[in-house]
2 protein chains.
Amino acid sequence: MKSPKVHIDVSKELFLRNPDSSELGKRIITGSIDLINELGFELFTFKKLGERIGSPESSIYRYFENKNGLLIYLVAWYWSWVDYKLAFAITNITAPKEKLKRAIDVLVQPVLVDYSILHVNETMLSEIIIKESVKAYHTKEVDDQNKKGCFSQYKYVVKRVSDIILEVNPTFEYPHMLVSTIIEGAHQQRYFADHLPALTNVKQNHDAIGDFYTEMIFKVLA
Amino acid sequence: MKSPKVHIDVSKELFLRNPDSSELGKRIITGSIDLINELGFELFTFKKLGERIGSPESSIYRYFENKNGLLIYLVAWYWSWVDYKLAFAITNITAPKEKLKRAIDVLVQPVLVDYSILHVNETMLSEIIIKESVKAYHTKEVDDQNKKGCFSQYKYVVKRVSDIILEVNPTFEYPHMLVSTIIEGAHQQRYFADHLPALTNVKQNHDAIGDFYTEMIFKVLA
DNA sequence: TCTTAAATGATAGTATTACTATTATATTTA
DNA sequence: TAAATATAATAGTAATACTATCATTTAAGA
C-alpha cells in the first residue's frame, strides 16, 4: 500500500495485535523507540514502557509476546521503510551503475532527516537499528522466527539490491553476500566510530564510511 | 609470555579473580564455553553454570562481576589467541602480499582443529564468538569498559593486520575499517549461512566466505 | 439507541534472574 | 601451628518476565 500518504506495512507474524490499529498501539511504538534509545535494549522493559506511556504492562503484552518480539517488529518496520526509500530512489533510473550508486546511498548514508511517517521517528529508529538490531536475530529462536517470515523485509531489501548488482555485473557470484556485508558493515562502522574508534578510520568533515563502502562495492564488481 | 607450552594472557581488568589461577576458575571457563554454546547467551546464567560445574553461583561471582563480564573475558581470550596464531602464521614471511594472505586466512577461515590449549575448547569458543560476541560490546557500558582496556586484544589484532595492509599499499586510507569489516563480515556471513541463508551465498563443497573476503581485500587494495 | 463484543485499566501473583551477605569449612602459606 | 585465603552452603532481596482476573471504558452492529 504505497500511496502518497506513506504507510509502512509489516506482516502479521510480527505482532499479536497490530500496533498500527489503535492509539495504544501507536503509543507503544513511539514510546518504545524513545525508551530503547534512552536505556539501551537490555535495560528496556515492558514495565518501564508502561509507566512511560501510562498504560499497564499487561496491555503491552497484548500487542507483543515480549520485548524481543517488539524489537523484531521495529527492525522489520525499518527495512520495510528502507525498501520504500529504495524503490523511490531508483524509479526512472535505467543505467545500472547509477541505480546501484543510489541504492548504496540509501543503505549506507545516515538517516538525518526525520521523515516522521505517522508515529515513528525514523532518525531515532535508525540509531536503534545500528546499536541493537543484531540482537533481533542473534537468539536461540532465530530459526523458528525466520520460518515464520519475521526477517523477510530485510531479506527483500537484500534481494532488491542484489538484483541491481547482477545488472551491473551478471557473472558476479556473491551478490547477497556483498549487499549484507555492506549493510551490516556500514552499521557496525558507525557504531565503532562512536564507541570503539580504534576499529575504524574516521575523518573530520567527511563521510569516510559512505565513501569506503561505495568505493568497495564498485571495485569488487569491476 | 608465548612459550612452546602456549599460554594465553589477558589483562586483569577482565576479571575479579584470575580464572587461570585456580581449579575452580578453569572449571568456570570450560563450563561456561560448554553452557553458552548449549543454551545461547540469553538463557545462560551463573546459577545454571554453578549447577553444571558443581559449585555455588556465589563462588562464580568472585571471578566475574556478571555474565557479560565473563563474555568479555572469553572474547578477549579469543582475540589474544588469534593474535598468537597471527604472529605464528606470518613469522619469517617477508613478502607483504603473502603475509596479508596468511593473516586473512587466520581471520576468516573457520576454526576446525581443536588446539585445546589448557582448558579451552577453541573450536567451541570460536562458535561462541560468531554467535554471541557482538553482545559483548553492544551494551550501555561499552565506553567505560573500553576505557578500562577490555577490548584492547581485539584492537591489537586489527592494528596488526592494518599494518600489513599498509605494507601492501602505503597510501590506503582505511586499513582499520577494512580489517574490522572483514573480521565482522566473515563471522556474520557464517552465522547467516546457518540461520538466514537468504542473506548470503553459500556454495556446496567450497568455502565461499573465505574466497569472497580474500578476493575483496585484494581488489580494494589494488 | 440499545446491546453486545472487544479493548483497556487496575491489580495481583509467580517463577526466575541477578545479584549480596553470612558463616562454616577446607586449603594454602608463612 | 597459626593465620590468611578460598570455597561451600545457605539465605535473602529487588527486579524481571511474564500470566491471570475482573471491572470499566470504548466501539460496532442491529
Side-chain angles (χ1 to χ4, degrees), chain A residues 12 14-32 35-36 38-74 119 132 135-136 138-142 144-145, chain B residues 12 14-32 35-36 38-74 119 132 135-136 138-142 144-145:
Chain A
K12 59 185 178 308
L14 292 160
F15 45 73
L16 299 175
R17 200 199 295 302
N18 192 345
D20 236 37
S21 69
S22 72
E23 268 316 304
L24 175 58
K26 281 167 199 159
R27 274 188 291 129
I28 290 173
I29 299 308
T30 313
S32 66
L35 206 53
I36 292 173
E38 251 175 76
L39 303 175
F41 188 64
E42 279 69 35
L43 297 178
F44 167 82
T45 69
F46 278 4
K47 182 112 188 288
K48 291 171 188 166
L49 176 57
E51 278 153 24
R52 170 68 60 103
I53 66 176
S55 280
E57 60 175 334
S58 53
S59 294
I60 302 168
Y61 276 104
R62 294 206 185 90
Y63 284 82
F64 294 102
E65 255 182 68
N66 50 47
K67 71 170 178 173
N68 206 79
L70 172 51
L71 181 62
I72 290 175
Y73 173 89
L74 293 176
H119 48 288
E132 319 285 4
K135 294 166 195 167
H138 274 85
T139 65
K140 270 276 146 172
E141 300 80 38
V142 61
D144 289 339
Q145 282 159 341
Chain B
K12 60 186 177 310
L14 292 160
F15 47 72
L16 299 174
R17 201 198 293 303
N18 192 346
D20 235 40
S21 71
S22 72
E23 267 316 304
L24 175 59
K26 282 167 198 160
R27 273 187 292 130
I28 289 172
I29 299 307
T30 312
S32 65
L35 206 53
I36 291 173
E38 252 174 76
L39 304 175
F41 188 64
E42 279 70 36
L43 297 178
F44 167 82
T45 70
F46 279 4
K47 182 113 187 289
K48 291 171 188 166
L49 175 57
E51 279 154 25
R52 170 68 59 105
I53 66 177
S55 280
E57 60 174 335
S58 54
S59 294
I60 302 168
Y61 277 104
R62 295 211 187 81
Y63 284 83
F64 295 101
E65 255 182 67
N66 50 47
K67 71 171 179 172
N68 207 78
L70 172 52
L71 180 62
I72 290 174
Y73 174 89
L74 292 177
H119 48 286
E132 320 284 4
K135 294 166 195 168
H138 274 85
T139 65
K140 271 274 146 171
E141 300 81 36
V142 62
D144 290 340
Q145 282 159 340

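By convention in this document, chain letters (A, B, ...) are assigned in the order of the sequence lines, proteins followed by strands, and residues within each chain are numbered from 1.
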Using whole Å, report how far [atom1] of [X] lies from [atom2] of [N].
X     : N      : atom1 : atom2 : value
B:Y63 : C:dA18 : OH    : C1'   : 20 Å
B:F44 : C:dT16 : CZ    : C1'   : 16 Å
A:N66 : D:dT16 : CG    : C1'   : 12 Å
B:L49 : D:dT7  : CG    : C1'   : 15 Å

Indicate whether OP1 or OP2 belonging to [N] is found under 4.0 Å from a side-chain N or O atom of [X].
X     : N      : result
B:S59 : D:dT7  : no
B:R17 : D:dT7  : yes
A:S22 : C:dT8  : yes
A:Y61 : D:dA20 : no
A:K48 : D:dA15 : no

Open item on the list: Test salt bridge (Lys or Arg N to Asp or Glu O under 4.0 Å) on A:R52 and A:E38; report intermediate values, then the result.
Closed with: CA-CA 12 Å; A:R52 170 68 60 103; A:E38 251 175 76; 2.9 Å; yes

Could you check whether [X] gets within reach of a base, just the sugar-phosphate, or nothing at all, counting any heavy atom under 4.0 Å?
X     : value
B:S58 : base
B:F64 : nothing
B:K47 : nothing

Open item on the list: Quick one about B:S32 and B:Y73 (side-chain donor to acceptor, distance below 3.5 Å, no hydrogens or angles considered), yes or no?
Closed with: no

TODO: Using the six-membered ring wherever Trp is involved, compare the ring planes of A:F46 and A:F44 and label them parallel, tilted or perpendicular (cut-offs 30° and 60°).
DONE: perpendicular

Open item on the list: Let me spell it out: for each of A:F46 and A:R62, pick the nucleotide of DNA chain D with the closest heavy atom. Which residue's pick is nearer the 5' end?
Closed with: A:F46

Open item on the list: Assuming nearest nucleotide by heavy-atom distance, tell me which of B:E42 and A:G25 is located more 5' along DNA chain C.
Closed with: A:G25

- [ ] Given side chain to side chain contact (heavy atoms under 4.5 Å, CB included), test B:L49 with B:I36 step by step and report yes or no.
- [x] CA-CA 9 Å; B:L49 175 57; B:I36 291 173; over 6 Å; no

